[in-house]
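Order of the sequence lines fixes the chain letters, A, B, ..., with proteins taken first and strands second; residue numbering starts at 1 for each chain. When reading the values below, keep in mind they use all heavy atoms of this one structure, side chains included, and skip hydrogens, waters and symmetry mates.
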Amino acid sequence: EAQVTQNPRYLITVTGKKLTVTCSQNMNHEYMSWYRQDPGLGLRQIYYSMNVEVTDKGDVPEGYKVSRKEKRNFPLILESPSPNQTSLYFCASSLWLAGWNEQFFGPGTRLTVL
Amino acid sequence: GENVEQHPSTLSVQEGDSAVIKCTYSDSASNYFPWYKQELGKRPQLIIDIRSNVGEKKDQRIAVTLNKTAKHFSLHITETQPEDSAVYFCAASRSRANSKLTFGKGITLSVRP
């Protein structure tokens, strides 16, 4: 089954404790992206990757890191989480020409930073 | 960069009525306009999209219209049903490699039974 998976789905952590949210897709998509969703603010892009070893900042990259060592995986790293990073996070993937193609979203990760 | 705005932010309609959700965009070079639906607790999913070489596209009860001159596009849902209740996001993008999809803030549609 073609899909985007994320882990964990729910996470409660404390300020400053490094964490990684994994994202994997099995559709051989070149483009992957991370979004955060906050009430009243919609979906805001954090980082995106056009292909292996190619990443770039989205609209709200501060406090996040990403890596793209393999085509199928695109982990999101919070080196020192803070309460303002409490949010619902979505990973998405699509074929090339990212904005021109349907984006397939993962199930989401609800993160709470205390 | 692109700025996409949706209005209204919430919309309530009676079951069976039509609903219209409008979006405006700022980048005149944008030429791809998708709509995503997010049901409560679920992930966003594409429901319909339109490219700038057409003015209207229909798929059963949903349709999207595009006015490039005015830089706005709209989602039309006819014969609304309770399962249409969701958050709807419009988005805009250029059609080129490394183009970014910019989302609006979302509209919550409630269909009253």
(Q) Tell me the closest heavy-atom pair linking A:Phe105 and B:Pro44, and the distance in Å. (A) CD1-O, 3.4 Å

Q) Looking at CD of A:Gln45 and CG of B:Leu101, how far apart are the two atoms once the value is rounded to the nearest 0.5 Å? A) 8.0 Å

Q | Greater than 12 external heavy atoms within 6.0 Å of B:Glu15's CD | A | yes

Q) Are there more than 12 heavy atoms of other residues, nucleotides or ligands under 6.0 Å from atom CG of B:Leu40? A) no

Q. Is it the case that one hydrophobic cluster holds both A:Phe90 and A:Met32, taking links as side-chain heavy atoms less than 4.5 Å apart, direct or via other members?
A. no

**Q.** Proximal component of A:Val4, with respect to chain B [non-hydrogen, under 4.5 Å]
**A.** backbone

Q. Can you hop from B:Val4 to A:Ile46 via hydrophobic side chains spaced under 4.5 Å?
A. no

(Q) Quick check: is A:Val66 connected to A:Leu11 through a chain of hydrophobic side chains (ILVMFWY, heavy atoms under 4.5 Å apart)? (A) yes

Q.
Heavy-atom pairs under 4.5 Å with chain B - which of A:Ala92, A:Gly40, A:Pro107, A:Gly108 has more of them than the others?
A. A:Pro107

Q: Identify which of A:Asp38, A:Val54, A:Leu41 forms the greatest number of heavy-atom pairs closer than 4.5 Å to chain B.
A: A:Leu41

Q. In this structure, are over 12 heavy atoms from other groups packed under 6.0 Å from B:Lys68 atom NZ?
A. yes

Q) Can you tell me how far CD of A:Gln37 sits from CZ of B:Phe103, rounded to the nearest 0.5 angstrom? A) 10.0 Å

Q) Is it the side chain or the backbone of B:Gln38 that comes within 4.5 Å of chain A heavy atoms, both, or neither? A) side chain

Q) So which of B:Lys105, B:Arg43, B:Gln45 has the largest heavy-atom pair count under 4.5 angstrom toward chain A? A) B:Arg43

Q: Measure distances from A:Tyr35 to the heavy atoms of chain B and classify the residue's part below 4.5 Å as side chain, backbone, both or neither.
A: side chain

